[in-house]
Amino acid sequence: RDLQLEIWDTAGAEEYRALSKIFYQKAEIAIACYDITNRKSFDELKKYWINNLKEAVKKDIIIGLTANKSDLFEEQVVPENEAIQYAKENGFFFFQTSAKQGTGITDLIESLGNEYLKRNGCVERANFILQKGKTITRKKKDKCC
């Protein structure tokens with residue numbers, strides 16, 4: 001059967017905090033992004049967003065900690081090793097992406113999607129079809145999940 005992923009961007013803006021729990025309630029996978037050039041984005045993610053997510057979901061959820069803007073490496077203010085350590089301590093997967101360049105996104109989606117499949121008894125890895133602005137589905141595989 002196919003695996004369909006719905007990706008919701010709750011934005012990090014403070015005015016959306018009250019609504020964020022509505023988006024999280026039935027989530028199986030979360031992608032928690034921070035801007036490597038903005039220390040506040042990382043601190044807010046740790047201080048508020050992760051706790052808010054865990055409180056809303058109240059179950060074991062797959063979390064991908066995502067360092068965005070990897071194309072701006074020379075402006076990085078959040079050390080990569082600090083983020084990796086935080087991810088490791090909390091059982092999160094760590095990724096680097098650049099939304100501007102489109103790098104790391106396929107790996108992020110495929111890794112988290114395959115972790116979901118694995119946790120749900122599927123031993124076969126999936127290949128995902130990524131289409132901007134459209135539903136993301138995995139290619140059909142015989143008798144998996």
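Not measured: the values here are computed from a predicted model.
- Contact record, Ile50 with Ala32: CD1-CB, 3.7 Å, taken as the closest heavy-atom pair.
- Taken from OG1 in Thr103 to CG in Asn68, the straight-line distance is 8.5 Å, to the nearest 0.5 Å.
- Under the 4.5 Å side-chain criterion, counting only non-hydrogen atoms from C-beta, Asn90 is not in contact with Ile63.
- Side-chain N or O atoms of Asn38 include none that pairs as donor or acceptor with a backbone N or O of Tyr34 at under 3.5 Å.
- The distance from the CD1 atom of Ile31 to the OG1 atom of Thr97 is 9.0 Å, given to the nearest 0.5 Å.
- Between Tyr86 and Phe94, the gap from one ring centroid to the other reaches at least 6.0 Å.
- Arg119 and Asp60 get closest at one heavy-atom pair: NH1-OD2, 3.3 Å.
- For the atom pair Glu74 CD and Ile36 CD1, the distance stands at 8.0 Å (nearest 0.5 Å).
- Within the structure, the salt bridge (charged side-chain N to carboxylate O under 4.0 Å, His left out) test picks out the following pairs touching residues 30-39 (sequence neighbours left out): Asp35-Lys69, Arg39-Asp43, Arg39-Glu82.
- In terms of modelled atom types and a separation under 3.5 Å, the side chain of Asn120 and the main chain of Tyr116 share a donor-acceptor contact.
- Residues that satisfy the ring pair (Phe, Tyr, Trp, His ring centres under 6.0 Å) test with Phe95, not counting sequence neighbours, are absent from this structure.
- The distance from the CG atom of Leu65 to the CD atom of Gln96 is 10.5 Å, given to the nearest 0.5 Å.
- When every heavy atom of Lys59 is checked against every heavy atom of Glu28, the shortest pair comes out as NZ-OE2, 3.2 Å.
- Summarising the geometry of Val57 relative to Ala27, their closest heavy-atom pair is CG1-O, 3.9 Å, with the distance given to 0.1 Å.
- For Gln101, there are no side-chain hydrogen bond (donor to acceptor under 3.5 Å, both in side chains) partners at least two apart in sequence or on another chain.
- Put simply, Tyr48 and Phe92 are part of the same group of oily side chains (I, L, V, M, F, W, Y) that touch within less than 4.5 Å, one to the next.
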